[in-house]
Number of protein chains: 2
Amino acid sequence: MTPDYIKTPEGYAYKYPRAAMTADAVIFGFDGYELQVLLIQRGIEPYKGRWAFPGGFMRMDETIEECAVRELHEETGLLSPYMQQLGIFSDVDRDPRGRIVTTAFYALVKMESVVGQDDAMDARWFPLSAVPALAFDHDHILRVALKRLREDLHFRPIGFELLPQKFSIPQLQRLYEALLEIHFDRRNFQKKMLATGILIELGEKDPTARHRAGTLYSFNKEQYDKMKHDGTLRLEF
Amino acid sequence: MTPDYIKTPEGYAYKYPRAAMTADAVIFGFDGYELQVLLIQRGIEPYKGRWAFPGGFMRMDETIEECAVRELHEETGLLSPYMQQLGIFSDVDRDPRGRIVTTAFYALVKMESVVGQDDAMDARWFPLSAVPALAFDHDHILRVALKRLREDLHFRPIGFELLPQKFSIPQLQRLYEALLEIHFDRRNFQKKMLATGILIELGEKDPTARHRAGTLYSFNKEQYDKMKHDGTLRLEF
DNA sequence: ATGTTTTGTGTAGATTTTACGCAAATGTGT
DNA sequence: ACACATTTGCGTAAAATCTACACAAAACAT
């Protein structure tokens, strides 16, 4: 097969002009009270000094998903988080460097898994209420990601990705309430959540509780997959 | 701003290699009995003679959405259908011509709006049960599109995009049953659908009915938008 | 006219959701 | 040690919704 490009002194030449492709990751975390976003401070122009999502250019030997995973690891140390395609953003003038099209991903991580980060990296968590003006069209991407996260939370068990391995139902409820900005009745939430059958009771107590400690649970992925497969699952929050 | 490319005798040269970008549209229609897909027969290699989704290369002065709309119009005559991003497909070897990344869209159209098509175009509707082996990774894209269509149908009023302006509730039910491959109780379906409040009764009868004709309705988009905005909407089918 | 198919409406019983009562567990202050 | 506030776990009655049908009217075929 002939290659689709010609190598010239000036670089890789194509018959028609091409856009460059990047992947960016909107990383969400939860600190127990508020939704958090992981941002990187840009060290070079354009938008030097501004905060942006971790991301970078796609190589010729990797898919856009592999690119997102690689850049995320390089820039934040994170490995294999829960990650989903969010969408492609291709406005002609979204990047001052030229025609650069990005695929945004949204990722959910347990904040505890990022604490031991290299201090040299300019990565920082921002609570959603204090996110600064971002580089490129990342403000727009963030709004789309938030909308998607809230929609998905209603009928996918993604809340567990943001909590520690072991969590209590009240913790889970605080997560839902913070993300969806609504209030659930404490007792009905517990009943409904346990009724899904995708929680494993651990018989331990939440050591961080200030008063009576809640029972700790973990997410039963096997049971979830099984119930999803044969359609007996009843989510919807 | 300096351009991000250099024009050479060989074409457009970039410092690093770049993938080409295309948009492809999975067009769904409904004939009253079965879900249909609009395909184009390829006239050139690769995959000459095989069927594929309409689509083509993105220009430097258009977004990927504009590209999808343009290619769709050029290849099928369709204008402004209901169209949504499906996802980006970037497997390294998905196209034998080289590194070509595609963004797939899924579109819903009223089949009546495509009937007067130019006969010279090699576009044809295929019932889902008779779709041939497709070019590139389009088989895979079709499976993803179907999954997405079925998910969306549960809580978005997209069924209306596939039916004529005026339709009866039994027609709508046949659509839901064909797409989701499940059976609804006729009387409960009617009640629930009317209870949403997003249908306008037209006071006319379905002229295509073979026995007692159903009452015709149209989709009340204003009411839908209003109810969606203030959260009083109750869909879920 | 009579039978068949299809649509429109109603209703009883089962199920689910909602709103809230109450007791147990745990930290705080005296 | 004891009263008190806060939080969790469980239960229950009433309201709302869903499910499974019954029945009659409309329209075509013979």
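Computed from heavy atoms alone, side chains included, the values below leave out hydrogens, waters and symmetry copies. Letters A, B, ... mirror the listed sequences (proteins, then strands); counts begin at 1.
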Exercise: do B:Asp91 and A:Thr63 side chains pair donor with acceptor under 3.5 Å: no
Does a salt bridge link A:Arg143 with A:Asp139, judged by any charged N lying under 4.0 Å from a carboxylate O? no
Salt bridge or not between B:Lys147 and B:Glu151? Use side-chain N to carboxylate O under 4.0 Å. yes
Ring centroid separation for B:Phe136 and B:Phe53, is it under 6.0 angstrom?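 When the ring centroids of B:Phe136 and B:Phe53 are compared, they turn out to be at least 6.0 Å apart.
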Can you sort out the partners of B:Thr232 under side chain to side chain donor-acceptor pair (under 3.5 Å), two or more places apart, ordered by chain and number?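 Scan of B:Thr232 (side chain to side chain donor-acceptor pair (under 3.5 Å), adjacent residues dropped) gives B:Asp230.
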Flag if over 12 foreign heavy atoms under 6.0 Å of CD, A:Glu177: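 Check passes, neighbour count above 12.
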Is atom NZ of B:Lys226 surrounded by more than 12 heavy atoms (other residues, nucleotides or ligands) closer than 6.0 Å?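 Counting neighbours around NZ of B:Lys226, 12 or fewer heavy atoms of other residues, nucleotides or ligands fall under 6.0 Å, so no.
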Do the ring planes of A:Tyr106 and A:Tyr82 sit parallel (below 30°), tilted (30 to 60°) or perpendicular (above 60°)?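 Geometry flag for A:Tyr82 against A:Tyr106: perpendicular rings.
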Indicate the ring-plane relationship of A:Phe160 and A:Phe219, choosing parallel, tilted or perpendicular according to the 30° and 60° boundaries. parallel
Detail all sub-3.5 Å separations between protein N/O atoms and N/O atoms belonging to nucleotides 11-15 of chain C.
unit_1 : atom_1 : unit_2   : atom_2 : d
C:dT11 : O4     : B:Lys191 : NZ     : 2.8

Residue set satisfying side-chain contact (heavy atoms from CB on, under 4.5 Å) with A:Glu71, at least two apart, ordered chain then number -> A:Cys67, A:Glu74, A:Glu75
Rounded to whole angstroms, how far apart are [atom1] on [X] and [atom2] on [N]?
X        : N      : atom1 : atom2 : result
A:Met193 : D:dG9  : CE    : P     : 13 Å
B:Leu199 : C:dG8  : CG    : C1'   : 15 Å
B:Phe189 : C:dG8  : CZ    : P     : 12 Å
B:His183 : D:dT19 : NE2   : P     : 12 Å
B:Phe184 : C:dT7  : CZ    : P     : 16 Å

Kindly state which residues belonging to residues 153-181 of chain A come within less than 4.0 angstrom of DNA chain C, counting heavy atoms of the residue only, listed by number. none
Whether each nucleotide of nucleotides 22-30 of chain D has a protein heavy atom under 4.0 Å at its base (B), only at its sugar-phosphate (S) or at neither (-) is summarised, 5' to 3', as B--BBBS--
Phosphate OP1/OP2 of C:dT7: any B:Thr215 side-chain N/O under 4.0 Å: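 The answer is no; no side-chain N or O of B:Thr215 sits under 4.0 Å from OP1 or OP2.
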Please list all pairs passing the side chain to side chain donor-acceptor pair (under 3.5 Å) test where one or both residues lie in residues 194-204 of chain B, with sequence neighbours left out. B:Lys166-B:Glu204
